[in-house]
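Chain naming here is simple, since letters A, B, ... match the order of the sequence lines and numbering starts at 1 in each.
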There are 2 protein chains.
Amino acid sequence: MNPNEFLKHIAYDSVVFGFSGEKLKILVMKYKNTDYYALPGGFVGLEEDLNAAVRRGLKERTGLDNIFLEQFYTFGNVSRSKPEFMRAIMESNGGINESRWMLDRFISIAYYALINYNDVELRPDAISESCDWYDLDNLPELIFDHKEILEKALATLRSNLETKLMGVNLLPTMFTMKDLQKVYEAILGEKLHRGAFQRKILGMNLLKRHEKQFSGAAHKAPFLYSFER
Amino acid sequence: MNPNEFLKHIAYDSVVFGFSGEKLKILVMKYKNTDYYALPGGFVGLEEDLNAAVRRGLKERTGLDNIFLEQFYTFGNVSRSKPEFMRAIMESNGGINESRWMLDRFISIAYYALINYNDVELRPDAISESCDWYDLDNLPELIFDHKEILEKALATLRSNLETKLMGVNLLPTMFTMKDLQKVYEAILGEKLHRGAFQRKILGMNLLKRHEKQFSGAAHKAPFLYSFER
DNA sequence: TTAATATTGTCACAAATTGAGACAATAAAT
DNA sequence: ATTTATTGTCTCAATTTGTGACAATATTAA
């Protein structure tokens, strides 16, 4: 897409959560030839739906379609724009001739996404050196107000977990009750009681129970579940 | 504020809730010389914080400072823009010379506000004929996607009522437990049990109890409360 | 072959929360 | 003094949640 075809002053940022090794992770990109780390973000085409723009950006970076995606806040303070940083990033990428508009003030619509860690093929974009997973408790420093955006995303995720969504999309299609509990624990940051957790989740009637899996471990085999319905 | 000093393609819309006569009401404005009704909205100054812009707009229309205000969603579909409507509105207001930019596509950040119905001095702005309260169940048809915006505001208000906020700002400083219950019932759209409601609210420890009021009614006088703390 | 170990599915019981009605207290009208 | 409407609070039942316990079972060790 041609850069002249974006809406000025409007950007999006995405907080992409994944789950692996019992830990919650997020996608962070690093700008080429700098030490600047940022959330994956982008711009909206002149004739493009906002949500579609975000999905496009995520597809480009992760290869995934049909991501679970939810908008949670729009950041619109003047002070969030830092032209000096932006200039430095752009100069490390071959000048700023064509894209002075990127130095302007931006209002950013923030989204969070839940994706299956294992399905992803990470692809850094043109101006980034890498796009990688980081443990939530071991993040590099983020530029702009991206730390604040992340924290608000996490708070929203936590409060939505109790009501709206389940661990959707952070797990493969088939998973055990224990897997799901680990996801909940990673998101909420606390241990849950096994019996009560199982009772609550099954009570929601959103899971489909499948055949047991024989994992080879030295104990009773757990049922497998999926989110079918 | 000079119209040339607004960010293009960015607007806000506000759903302003008030409470009177046991009913929930919202502010709706009517454009001059048209039959178009809309939510109060506006634009963001080039060097103005987003939240500040919304507060400015509400202050102009209601005279109120320090409104309870919360952002809940940003509407960004291409299809939400209706240049024909906008053109009609502008032509009923003395032409479109200076303000072609208003025919463009807009992304709108939506807020809801809770205010004390009685404190308000309604003032229509330059291009509106009126700015008035309407019962939630007796609204005129709204233009653009404003009906959808309203419904999402109401859903957000309902779900926040149970956790975050209380009936704050919809009531005068001093109110009775029954007043507060009426607000909850109006927002949730259902009757609540008196005893349980009182127990729950008092259990939150957010209310300060004051002297009883002698209303002149033929029964035991209720305590007054305020949100102090 | 039997016993030990780890983990699972489920239940039982206690604790906490919520729903619903009951009752005395009280401000004004009769 | 009696009646009426409404309030503040309480009690009991119903429901939900927290916690541990127990049998079942897949594998390993003896």
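The residue among A/G195 and A/A218 whose nearest nucleotide of DNA chain C is located toward the 5' end is A/A218. Toward the 5' end of DNA chain D, the nearer of the two residues B/P222 and B/H219, judged by each one's closest nucleotide, is B/H219.
In this structure, NZ of B/K200 is placed 12 Å from C1' of C/dT17, rounded to the nearest angstrom. Between the NZ atom of B/K182 and the P atom of D/dT7 there is a distance of 9 Å, given to the nearest Å. Rounded to an integer number of Å, the gap from A/Q198 CD to D/dG18 C1' is 15 Å. Summarising the geometry, the separation between CZ on B/F223 and C1' on D/dT7 is reported as 9 Å, rounded to the nearest angstrom. Nucleotide C/dT18 holds its P atom 14 Å from the CZ atom of B/F197, rounded to whole Å. Atom CD of A/Q181 is separated from atom C1' of D/dG18 by 14 Å (rounded to the nearest Å). For the pair B/R209 CZ and D/dT7 P, the computed distance is 13 Å after rounding to whole Å. Atom CZ of B/R194 and atom P of C/dC23 are 14 Å apart (whole Å).
The base of C/dT8 is paired with the side chain of A/K220 by a donor and an acceptor separated by under 3.5 Å.
The residues B/R55 and B/D65 are annotated as not salt-bridged, no charged nitrogen and carboxylate oxygen being separated by less than 4.0 angstrom.
Backbone-only engagement by A/K178 is indicated by non-hydrogen atom pairs under 4.0 Å involving sugar-phosphate atoms exclusively. Looking at heavy-atom distances under 4.0 Å, A/A196 makes contact with a base.
Between A/F75 and A/F106, the ring center distance fails the sub-6.0 Å criterion. If you look at B/Y36 and B/F85, their ring centroids are closer than 6.0 Å. Proximity of the aromatic rings of A/Y37 and A/Y31 is defined here by a centroid distance below 6.0 angstrom, and this criterion is not met.
Comparing C/dT10, D/dG20, D/dA5 against the side chain of A/H193 picks out D/dG20 as the nearest. In the set D/dA26, C/dT18, D/dA5, C/dT18 carries the atom at the smallest distance from any side-chain atom of B/R199.
A donor-acceptor pair under 3.5 Å links the side-chain atoms of B/T62 to the main chain of B/L64, judged by distance alone.
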